[in-house]
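Numbers restart at 1 for each chain; the letters A, B, ... are given by sequence-line order, proteins then strands. Values below: every heavy atom of this structure, side chains too, minus hydrogens, waters and symmetry copies.
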Number of protein chains: 2
Amino acid sequence: MSKRRTDGRPTIADVAALAGVGAITVSRALRDPSLVSDMLREKIDIAVRELGYVPNLNARALASTRSDVVGVLVPSLTQHIFADVLRGIYDGIGHTRLHIQVGNTRYDLDEEERLLAELLRHKPAGLIVSGIDQNAASRRMLEKANCPVIQIMDLSDNPVNKIIGFSHHNAAKAMTRHLIEVGYRRIGFLSGWMNSRSKGRLSGYVEALEEAGIFDPRLTNAAGDLGALALRGSWDKHQYSTPAMGRELISELWNREPRMDAVFCNNDVLALGALFECQARDLSVPNDFGIAGFNDEDFMEAASPAMSSVRTHRWTVGHDAVIALRRQLDGEPDDERIVDVGFDIVKRASTDRRAQPLRDDDAAAPAVALQQTRAAGDDR
Amino acid sequence: MSKRRTDGRPTIADVAALAGVGAITVSRALRDPSLVSDMLREKIDIAVRELGYVPNLNARALASTRSDVVGVLVPSLTQHIFADVLRGIYDGIGHTRLHIQVGNTRYDLDEEERLLAELLRHKPAGLIVSGIDQNAASRRMLEKANCPVIQIMDLSDNPVNKIIGFSHHNAAKAMTRHLIEVGYRRIGFLSGWMNSRSKGRLSGYVEALEEAGIFDPRLTNAAGDLGALALRGSWDKHQYSTPAMGRELISELWNREPRMDAVFCNNDVLALGALFECQARDLSVPNDFGIAGFNDEDFMEAASPAMSSVRTHRWTVGHDAVIALRRQLDGEPDDERIVDVGFDIVKRASTDRRAQPLRDDDAAAPAVALQQTRAAGDDR
DNA sequence: CTGTTAGCGCCTTCAC
DNA sequence: GTGAAGGCGCTAACAG
């Protein structure tokens with residue numbers, strides 16, 4: 001009667017015994033078949049199959065002081081943008097040995113710190129974290145983490161290691177300029193709860209309007225001080241947007257400034273709400289009122305009228321983050337610490353004052369114009 | 001010169017030495033403080049802090065033949081419903097020691113099998129898998145998995161262990177009946193690619209219409225044989241829906257049967273597309289045409305007109321799955337193998353022929369009626 | 001290319 | 001309530 005406390009499943013030693021080789025040879029054959037001669041590899045394969053052997057990753061991770069888990073920290077699971085980032089990450093992982101462990105920080109820096117500490121206990125193979133506004137403790141953990149760290153969805157001069165994203169400020173500024181160019185003059189900014197990236201967008205919006213000499217603080221539902229935003233309405237605690245929220249917030253802006261003739265929305269969901277509100281008020285978009293969103297989700301193109309938006313390359317960001325991670329794990333040098341994936345200004349009917357407001361059977365047709373900020377990879 | 005191959009971080013032995021106790025006492029103090037006397041516990045706490053000790057979860061998992069990873073298999077990351085399920089799962093996990101590892105099967109049973117095999121290598125603490133249509137190999141793995149297994153988002157008489165979900169057939173049937181009740185007679189079924197749950201919904205739709213004696217196969221864009229669906233359009237490979245897809249598919253149905261007076265959509269995103277198409281065609285919803293969706297996502301209530309939908313309790317499903325898992329891990333008995341969380345038929349303006357088609361400033365007002373199939377928990 | 005030896009860090013077992 | 005001994009399954013290190 002042995003005192004083994006195994007769960008009965010075959011181990012690498014069993015495979016080795018059956019194949020008539022050493023355990024380490026089995027180990028090598030499993031991890032990198034090229035390290036083992038054809039003959040032994042074949043014997044081992046047969047033994048593995050016969051025994052139904054399954055490697056124990058916990059043992060592997062312990063012995064090699066390195067797991068195959070990639071920790072991913074996102075601030076939200078409900079927002080479509082992060083779902084797209086995750087899709088890119090999964091697509092980048094493909095059928096490699098790497099596994100994803102997602103932590104949901106809910107835009108809470110303390111929670112992020114806690115999740116990071118938890119992740120580190122697994123000795124992750126790599127880390128992908130959203131944004132650049134980690135707290136000091138998190139930042140320290142990332143810097144001392146014994147693995148590649150990729151920050152995503154924003155830009156910074158001072159990334160922990162590598163950052164892949166785009167400038168929210170520039171993107172918002174470009175879209176606001178477009179609204180100005182087509183003739184809108186009293187352009188509002190519609191936003192619910194503001195995270196650090198939203199603030200970047202707000203500042204881009206403000207800058208564009210100030211440069212045109214038409215900035216009016218009453219047209220944003222954020223307070224004048226762009227740092228400490230005092231939001232109105234009953235939505236100030238909600239960290240995700242809904243179309244209902246868009247309807248209420250735009251109504252609020254109209255109450256304050258009835259002459260508002262367009263809105264730039266912090267995200268597409270709010271823009272959809274704004275459109276519904278215009279429809280309910282029988283306002284013609286874009287003639288009476290212009291609407292632009294941010295992210296260019298699916299529904300923007302299909303809406304009636306089709307809506308303008310800033311296309312962001314979420315999939316690319318997630319995908320490229322994983323590719324960079326894998327490169328680093330493979331020991332390839334990576335000198336490009338800051339990667340700007342850019343954005344596109346997609347101009348559609350909702351901001352095209354010259355568009356006929358009659359019918360738009362062909363909303364699925366190409367965008368009216370597409371102004372690229374830089375070449376971007378395949379985004380789907 | 002030692003030949004240690006540690007990464008230099010303190011171990012439980014270091015803590016034990018500093019605290020002047022045995023290693024196992026430290027281990028116990030960390031896992032369940034009540035197992036250790038107050039005095040030693042305090043000493044240990046101090047030593048832990050002084051050393052900045054962090055447990056190595058890989059070692060723990062190896063020694064205990066059980067990790068703290070909960071494997072979750074979902075067919076899609078992009079669809080909102082699964083984002084909601086995941087949110088429920090994360091909320092159910094809270095600050096426990098459990099970690100989530102999500103696998104994205106992309107509605108591919110082989111991929112599901114592969115991911116399951118991968119997950120099992122981690123000796124997971126538990127598994128949560130979507131649906132009931134696993135292939136034989138997956139089913140076998142689930143049955144032999146040495147941990148609790150919860151299936152979600154559907155119902156079955158024969159779950160692996162426990163299942164938490166609702167009847168897609170009944171839900172669709174109830175909504176179709178509602179459409180019949182308010183007077184629609186030529187009711188279409190709008191769907192893109194069909195998964196097994198979509199098929200359940202289709203069968204419920206068909207049954208309701210057959211019972212009313214008004215089923216017409218030309219009104220679904222699925223072929224007559226409900227098992228092997230031959231979809232039209234260019235969308236038949238897309239496993240997610242878009243509003244653009246909704247617009248194209250409904251147009252296709254109209255081409256085939258111009259007298260169609262309502263659609264029941266397989267999901268809300270298609271319903272949104274249908275609404276946009278109606279708007280583009282200047283059709284009055286609900287008077288000229290009725291639209292109902294499935295899931296009751298945020299935008300259904302905010303739409304103009306507000307749209308009817310079947311509210312499903314995705315958050316609850318995810319949350320309760322984790323709670324059940326935790327109970328089982330705590331050794332509490334769980335005799336309820338099949339849990340039906342039900343659904344609600346939410347009737348709004350888009351199917352209310354008596355509604356005034358003028359304005360609907362108060363789309364955010366309570367639904368016209370809410371028909372519950374059973375009491376449901378807090379869903380947000 | 002292959003094997004031997006020993007260690008990864010924690011936990012189970014069993015004795016005290 | 002506490003501790004000593006040894007195993008969990010795999011792989012780094014070095015030799016051959």
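Shown here are the side-chain hydrogen bond (donor to acceptor under 3.5 Å, both in side chains) partners of Ser196(A), two or more places apart in sequence or in another chain: Asp133(A). Tyr53(B) meets the ring pair (Phe, Tyr, Trp, His ring centres under 6.0 Å) test with no other residue; sequence neighbours excluded. Applying the side-chain hydrogen bond (donor to acceptor under 3.5 Å, both in side chains) test to Tyr90(A) and every residue at least two apart in sequence or in another chain returns nothing. Legend: residues meeting salt bridge (Lys or Arg N to Asp or Glu O under 4.0 Å) with Asp335(A), ordered by chain and number and at least two apart, are absent.
Computed from coordinates, the Lys123(B) NZ to dC10(C) C1' distance equals 17 Å when rounded to whole Å. Spacing between atom CD1 of Ile24(B) and atom P of dA4(D) amounts to 11 Å, rounded to whole angstrom units. For Leu57(A) and dC10(D), the CG to P distance is 9 Å, given to the nearest whole Å. To the nearest angstrom, C1' of dC10(D) lies 14 Å from CG of Asn56(B). Rounded to an integer number of Å, the gap from CG of Leu62(B) to P of dG7(D) is 14 Å. Rounded to whole Å, the distance from CZ on Arg28(A) to C1' on dC1(C) is 8 Å.
For DNA chain D, the residues of residues 32-47 of chain B within the heavy-atom distance limit of 4.0 Å (strictly under) are Leu35(B), Val36(B), Ser37(B), Leu40(B), sorted by number.
Side-chain nitrogen and oxygen atoms of Arg31(B) include at least one within less than 4.0 Å of the OP1 or OP2 phosphate oxygen of dT12(C). In terms of phosphate contacts, Thr65(B) brings no side-chain nitrogen or oxygen within less than 4.0 Å of OP1 or OP2 of dC8(D). Put simply, Ser27(A) has a side-chain N or O that comes within less than 4.0 Å of OP1 or OP2 on dT11(D).
At a cut-off of 3.5 Å, with distance as the only test, no side-chain donor of Ser156(B) or Asn158(B) sits close to an acceptor on the other residue.
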Please output the side-chain donor-acceptor pairs of residues 119-129 of chain B that fall under 3.5 Å, not counting sequence neighbours, one pair per line with the distance.
residue: His122(B); atom: NE2; partner: His99(A); partner atom: ND1; Å: 3.4
residue: His122(B); atom: NE2; partner: Gln101(B); partner atom: NE2; Å: 3.4
residue: Lys123(B); atom: NZ; partner: Asp7(A); partner atom: OD2; Å: 3.1

